[in-house]
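These notes concern the structure reproduced below.
FYI, side chains are in, hydrogens and waters are out, and symmetry mates aren't considered; it's all heavy atoms of this structure. This one's a predicted model, so the numbers in the text were calculated from it and none came from an experiment. Chain A is the first sequence line, chain B the second, and so forth, proteins listed ahead of strands; every chain is numbered from 1.
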2 protein chains.
Amino acid sequence: MPSIQPRPAFLLAQVGAHAARRFAERVAVLGVAPSDVGVLRMILTTPGRSQQSLAEELGVVPSRVVTLLDALEGKGLVERRRNPADRRNYALHLTEEGARVMAAVWELGAAHEDELLAALDAGQRAHLTALLEAVAVHQGLTAGVHPGYQGPPRAGG
Amino acid sequence: MPSIQPRPAFLLAQVGAHAARRFAERVAVLGVAPSDVGVLRMILTTPGRSQQSLAEELGVVPSRVVTLLDALEGKGLVERRRNPADRRNYALHLTEEGARVMAAVWELGAAHEDELLAALDAGQRAHLTALLEAVAVHQGLTAGVHPGYQGPPRAGG
DNA sequence: TATTGTTATACTCTATAACTATA
DNA sequence: TATAGTTATAGAGTATAACAATA
């Protein structure tokens with residue numbers, strides 16, 4: 001009896017993937033990918049942090065952080081500052097341009113949310129948020145970290 | 001003023017990606033990927049359909065369907081039957097084994113949903129489903145088709 | 001010897017374009 | 001000439017493992 005009725009788990013994956021895709025399209029006009037936004041946000045939140053700490057929180061391998069940061073540094077959005085006390089690691093900081101981009105992302109995020117949830121009124125949005133938050137907490141998801149950093153799984157039935 | 005407060009759009013993407021990942025882990029024990037499940041489900045729903053029609057509904061290029069089906073045929077889950085009337089196209093059908101795998105996916109799906117929504121009671125689940133369905137309909141999402149088939153966008157902030 | 005970051009390499013996923021066979 | 005499907009190829013994205021510099 002395979003179904004056509006909406007299964008909440010599938011709807012969640014479907015709508016979530018759609019949200020991620022639309023967000024990617026929006027931030028693309030700023031010249032960044034969603035993965036870049038995640039990294040920029042973490043550096044904005046905790047300036048001076050190391051690449052290792054980023055890798056751990058994102059749940060990716062350190063070499064991937066190198067690639068991510070090479071691109072962001074190349075675009076002039078992030079700075080790697082040598083730590084004089086321990087010259088093995090870098091202290092990561094946003095440049096002014098990086099901060100500007102994050103402000104723009106903030107604007108786009110609001111528009112994105114409005115478009116995505118256009119079908120719901122304010123009360124319904126609040127209710128949805130509360131339900132999703134309960135699920136996220138119960139599932140042990142790290143606030144602000146998208147599991148998309150962690151590899152393969154894509155399309156789904 | 002970049003936030004830490006839960007943004008519903010981000011929560012949706014985050015929880016959705018988590019759901020997709022957990023589902024992928026579960027069906028992996030059956031030897032299939034989520035993308036395979038989507039294809040199998042479409043063939044189960046409309047037996048005899050062509051590869052072209054699959055490509056269109058999934059929003060992917062026909063050559064990708066070839067790859068997907070080669071794997072499923074290799075595992076003995078799908079059969080390509082020549083259409084005597086028009087020998088250019090195939091009529092796709094599940095094998096008995098393919099039908100068995102889909103039945104097993106069905107079981108796993110129920111367990112998956114229970115685990116994913118463990119934080120919510122029955123009423124809350126129904127409410128969440130209704131809200132998500134409203135969003136999905138308004139966003140023009142095709143019932144049962146995961147946007148993950150359509151390419152790049154991954155991690156996100 | 002341990003840690004931070006980098007490079008070299010390989011693997012997976014997916015699309016593009018050229019191709020075959022039918023029609 | 002048009003359509004269904006296939007193959008060959010290339011490009012992203014990501015991980016593994018070996019490596020360099022510093023501690």
Side-chain angles (χ1 to χ4, degrees), chain A residues 17 20-21 24-25 28 31-39 43 48-74 78-93 146-156, chain B residues 17 20-21 24 28 31-39 43 48-74 78-93 145-156:
Chain A
R21 172 172 309 271
E25 288 169 6
V32 295
S35 55
D36 294 325
V37 172
V39 171
I43 298 173
R49 63 189 302 172
S50 71
Q51 297 187 193
Q52 279 287 345
S53 81
L54 233 52
E56 273 168 37
E57 186 166 337
L58 292 173
V60 299
V61 98
S63 67
R64 176 140 194 239
V65 175
V66 173
T67 309
L68 250 14
L69 288 176
D70 283 351
L72 292 171
E73 200 178 32
V78 165
E79 229 184 311
R80 283 166 160 125
R81 294 190 200 154
R82 271 292 178 206
N83 175 354
D86 183 342
R87 295 176 46 74
R88 285 175 306 184
N89 63 46
Y90 287 112
L92 302 172
H93 293 272
H146 193 292
Y149 281 95
Q150 291 137 27
R154 302 292 298 267
Chain B
R21 171 172 310 272
V32 295
S35 54
D36 295 325
V37 173
V39 171
I43 298 174
R49 62 188 302 171
S50 71
Q51 298 187 193
Q52 279 287 344
S53 81
L54 232 52
E56 272 167 38
E57 186 166 337
L58 292 173
V60 299
V61 98
S63 67
R64 173 131 199 246
V65 175
V66 173
T67 309
L68 251 12
L69 288 176
D70 283 351
L72 292 172
E73 200 178 34
V78 165
E79 229 184 309
R80 281 165 161 125
R81 294 190 200 153
R82 271 295 178 204
N83 175 354
D86 183 343
R87 295 176 46 73
R88 284 175 305 182
N89 63 44
Y90 288 112
L92 302 173
H93 294 271
V145 177
H146 193 291
Y149 281 95
Q150 291 137 27
R154 303 293 297 269

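Ranked by how close their nearest DNA chain D nucleotide is to the 5' end, A:P62 and B:Y90 are led by B:Y90.
Look at CZ on A:R49: it is 14 Å from P on C:dT4, rounded to the nearest Å. Nucleotide C:dT6 holds its C1' atom 9 Å from the CD atom of A:Q51, rounded to whole Å. D:dT6 atom P lies 11 Å from atom CG of B:N89, rounded to whole Å. As rounded to whole Å, 13 Å separates atom C1' of C:dT14 from atom CG of B:L58. Going from atom CD of B:E56 over to atom P of D:dT3 covers 12 Å, rounded to whole Å. Between A:D70 atom CG and D:dG13 atom P the separation is 14 Å, expressed in whole Å. Rounded to an integer number of Å, the gap from B:L68 CG to C:dT12 P is 16 Å. Distance CZ (A:R80) to P (C:dT4): 15 Å, rounded to an integer number of Å.
Bending across the helix from C:dT1-D:dA23 to C:dA23-D:dT1, expressed as the angle between its end axes from five pairs apiece, amounts to 30° (10° rounding).
For the side chain to side chain contact (heavy atoms under 4.5 Å, CB included) criterion with B:L92, the lone passing option out of B:V39, B:I43, B:L72 is B:I43.
Residues meeting the side chain to side chain contact (heavy atoms under 4.5 Å, CB included) test with B:R88, sequence neighbours left out: B:D86. Among residues two or more places apart in sequence or in another chain, the salt bridge (Lys or Arg N to Asp or Glu O under 4.0 Å) test is passed with B:E73 by B:R80. For the side chain to side chain contact (heavy atoms under 4.5 Å, CB included) test, residues two or more places apart in sequence or in another chain that qualify with B:E56 are B:Q52. Annotation: salt bridge (Lys or Arg N to Asp or Glu O under 4.0 Å) contacts of A:R81 (sequence neighbours excluded): A:E79.
If you check every strand for non-hydrogen atoms under 4.0 Å, B:T67 touches nothing.
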Could you give me the CA-CA distance, side-chain angles and deciding distance for A:N89 and A:Q51, then say whether side-chain contact (heavy atoms from CB on, under 4.5 Å) is met?
CA-CA 8 Å; A:N89 63 46; A:Q51 297 187 193; over 6 Å; no

Would B:L68 and B:R64 count as a side-chain contact (heavy atoms from CB on, under 4.5 Å) if you check the C-alpha gap in whole Å, the side-chain angles of each, and the deciding distance to 0.1 Å?
CA-CA 6 Å; B:L68 251 12; B:R64 173 131 199 246; 4.0 Å; yes

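What you find for A:R49 and A:S53 is that their closest heavy atoms are NE-OG, 3.0 Å. When all heavy atoms are compared, the tightest approach of B:A17 to A:H146 is CB-CE1, 3.5 Å.
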At under 4.0 Å between heavy atoms, how does the protein contact nucleotides 17-23 of chain C? Give one character per nucleotide, 5' to 3', with B, S or -.
B----BS

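Counting only heavy atoms from C-beta on, B:Q52 has its side chain closest to D:dG5 among D:dG5, C:dG5, D:dA15.
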